[in-house]
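Note sheet for the following structure.
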Amino acid sequence: MTYTRRETLVIGAGGIALLAGTPAMASAVEEAIAAFTGGAEIGESGIEINAPEIAENGNVVPIEVSAPGAEEIMVMATGNPSPPVCRVSFGPAAGSSRLSTRIRLAKTQDVLAVARMSDGSFVQTTRAVKVTIGGCGG
Amino acid sequence: MTFRAKKTAALAIAMSFAIGNTATAEPDLDAVLVINDELEMVTITEAPAHLEGALDQAISGWHFRDAATRRLETDDFENPAFLHVEQGLTAWETVEGTEGESCASCHGSIEESMKGLRAVLPKVNADGELWSMENYINDCRENRMGAEAWGWNTAPMRDMTAAIALQSRGMPVNVAIDGPAQPYWEQGKELYYKRHGLLDLSCASCHEENNGNYIRADHLSQGQINGFPVYRLKQSNMISLHNRFYGCVRDTRAESYERGGPEFRALELYVASRGNGLSVEAPSVRN
Amino acid sequence: MADVKPRVKIPSSAKAGEAFTVKTLISHSMESGLRKDGDGNPIPRQIINRFTCEFNGTSVVDMALEPAISANPYIEFDAQIDAAGEFTFTWYDDDGSVYTTSNGIELA
């Protein structure tokens with residue numbers, strides 16, 4: 001079997017991505033979580049992400065994170081070239097621990113949120129969002 | 001030449017595959033568009049008589065978008081187009097040019113003087129020429145204000161057309177297609193059905209014959225223009241109608257027409273007439 | 001940055017201790033620093049990197065934003081008050097600009 005130059009390039013690029021890209025990305029997310037939690041154990045209940053299952057345009061994806069009783073929430077887009085999205089702390093005049101915003105998602109991926117609760121514990125959750133890439137111009 | 005013919009054939013096959021064989025999805029026709037909890041819009045209506053045999057219903061592009069995109073249009077605060085409307089409203093009050101005039105100094109309140117205008121444009125002016133809103137704006141700027149004309153597709157022009165169009169929101173689109181408008185309408189209709197580009201597609205190929213289907217990942221609408229200018233999520237900006245036309249024609253791999261040129265103004269009239277009876281939805285939100 | 005305009009929506013009055021929704025939007029391109037211009041040169045990052053909301057000097061939210069926040073940042077959250085007073089909203093731009101707007105509120 002022979003490969004054209006172009007096919008070889010594509011395979012090569014894929015191979016590099018597999019070898020180098022994915023673990024680097026995963027560790028960027030892990031490092032950010034570790035920096036946020038200080039390595040503490042992370043629970044999984046009491047935090048929620050609302051986002052569309054399928055986003056029509058990755059440029060503007062509405063999301064809502066809430067974690068009743070949380071003092072601070074960090075949001076990450078695990079599949080973005082640069083995963084951090086935002087980090088919000090709720091002060092004494094906040095009416096809840098909830099934030100709605102619109103985010104950029106480069107591709108189909110998991111959105112992850114970690115919350116620091118008032119007792120110093122941490123909880124996290126993820127939500128899968130499929131991103132469709134439209135081709136029409138304008 | 002051989003190469004080009006082959007390439008064309010290959011592309012045509014690719015396109016017919018993309019249109020014909022991908023999953024179909026119906027637009028959500030049960031959704032109702034109510035803006036700010038008070039203004040209910042006509043987003044589906046009986047197609048105008050001239051579309052007999054082509055379309056039964058005129059359906060706003062709003063129905064073809066997903067729930068998250070649709071929701072952005074239901075509240076003027078959440079609709080990012082309103083950042084641009086505000087710029088347009090500021091420009092309305094701003095004196096520019098050698099004559100010391102603003103839009104407001106002649107026309108007064110935009111709410112009263114511009115109400116209904118979006119619904120009837122483009123129309124034939126006193127000189128027998130078909131004009132879009134942009135032509136009227138630049139005529140005022142050059143001849144009454146002594147100011148420079150705005151480029152058709154520039155930010156101040158898009159913001160102003162958004163601010164003016166808003167004053168007709170909720171009113172039915174009602175462009176004239178008879179009398180002096182008729183030759184322009186015929187020209188626009190011919191363009192609508194004319195196949196363009198290497199992909200050999202007409203407006204009708206996608207928006208009449210295949211609305212509701214997907215072309216790659218794009219959910220094809222009827223191509224109604226009652227929502228223009230639109231805030232488009234892809235560019236995160238206001239998009240003028242002629243820029244949308246430009247992109248469509250370019251995507252057929254044709255040399256596109258000039259934004260603001262006679263071809264697109266005629267096409268604007270014809271496409272607007274396909275949506276006569278739909279509410280003016282501008283400034284709308286699309287993906 | 002030219003043409004930066006904040007918009008804020010809060011009720012004119014609220015009951016003491018009862019949460020209500022605050023919506024904010026600001027016109028800003030949120031240039032990510034990851035894009036290139038027509039000549040292939042990287043477009044430098046320029047984003048709103050921080051947003052704060054305070055009520056009579058007390059924090060409601062304090063948010064750090066990254067380039068993954070969409071253009072024209074929309075931020076919605078809940079607040080509560082125990083007295084009439086003033087909300088102050090502040091957006092911090094990478095270029096050092098600070099955009100501020102204030103809204104008064106009554107106790108219902």
Side-chain angles (χ1 to χ4, degrees), chain A residues 25 28-29 32 35-36 50-52 55-107 109-113 116 129 131, chain C residues 9-11 14-26 28-35 42 45 47-83 85-89 91 105:
Chain A
M25 204 65 80
V29 173
F36 184 68
N50 267 317
E56 199 163 42
N57 192 296
N59 254 345
V60 185
V61 182
I63 64 155
E64 179 180 75
V65 290
S66 62
E71 287 185 344
E72 191 172 12
I73 299 178
M74 179 177 72
V75 181
M76 314 268 280
T78 59
N80 274 6
S82 173
V85 173
C86 67
R87 188 167 161 163
V88 60
S89 58
F90 300 96
S96 72
S97 298
R98 174 186 82 90
L99 181 88
S100 266
T101 187
R102 299 169 185 164
I103 70 172
R104 294 167 168 154
L105 295 179
K107 58 178 183 182
Q109 58 179 282
D110 284 343
V111 175
L112 180 150
R116 179 169 55 79
V129 180
V131 176
Chain C
K9 189 174 177 182
I10 60 167
K15 285 185 184 152
E18 207 164 275
F20 55 89
T21 299
V22 177
K23 296 178 177 183
T24 75
L25 189 65
I26 190 165
H28 197 285
S29 64
M30 293 295 278
E31 192 58 59
S32 67
L34 300 170
R35 298 198 312 150
R45 171 184 138 151
I47 67 167
I48 298 283
N49 59 54
R50 184 181 175 210
F51 164 77
T52 63
C53 171
E54 293 184 347
F55 177 69
N56 289 346
T58 302
S59 173
V60 183
V61 295
D62 186 340
M63 177 179 178
L65 290 76
E66 301 289 342
I69 297 290
S70 304
N72 303 325
Y74 174 84
I75 303 168
E76 179 191 314
F77 49 91
D78 299 318
Q80 57 176 343
I81 58 172
D82 47 19
E86 195 170 65
F87 280 97
T88 305
F89 304 88
W91 292 260
I105 188 167

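Every heavy atom of this structure was used, including side-chain atoms; hydrogens, water molecules and symmetry mates were not. In what follows, chains carry the letters A, B, and so on, assigned in the order in which the sequence lines appear, proteins first and then strands, with residues in each chain numbered from 1.
Per-residue heavy-atom pair counts under 4.5 Å with chain C were compared for Ser100(A), Gly91(A), Ser96(A), Pro84(A), and the maximum is reached by Ser100(A). For the options Leu34(C), Val61(C), Asn49(C), heavy-atom pairs under 4.5 Å to chain A are most numerous at Val61(C). Ranked by heavy-atom pairs under 4.5 Å with chain A, the first of Pro67(C), Ser70(C), Ala19(C) is Ser70(C).
Note that CD1 of Ile75(C) is 11.0 Å distant from CZ of Arg102(A), once rounded to the nearest 0.5 Å.
Between Val85(A) and Ala68(C), the closest heavy-atom pair is CG2-CB, 3.9 Å. Of all heavy-atom pairs between Ile69(C) and Cys86(A), the closest is CD1-CB, 4.1 Å.
Residue pairs meeting the salt bridge (Lys or Arg N to Asp or Glu O under 4.0 Å) criterion with at least one member in residues 54-69 of chain C, sequence neighbours excluded: Arg50(C)-Asp62(C).
With a threshold of 4.5 angstrom between heavy atoms, Ile47(C) does not approach chain A through any atom at all. Neither the backbone nor the side chain of Ile81(C) has a heavy atom closer than 4.5 Å to any heavy atom of chain A.
Within 6.0 Å of CZ in Arg45(C) there are more than 12 heavy atoms belonging to other residues, nucleotides or ligands.
Along residues 58-77 of chain A, the residues that come nearer than 4.5 angstrom to chain C, judged on non-hydrogen atoms, are Asn59(A), Val60(A), Val61(A) in order of number.
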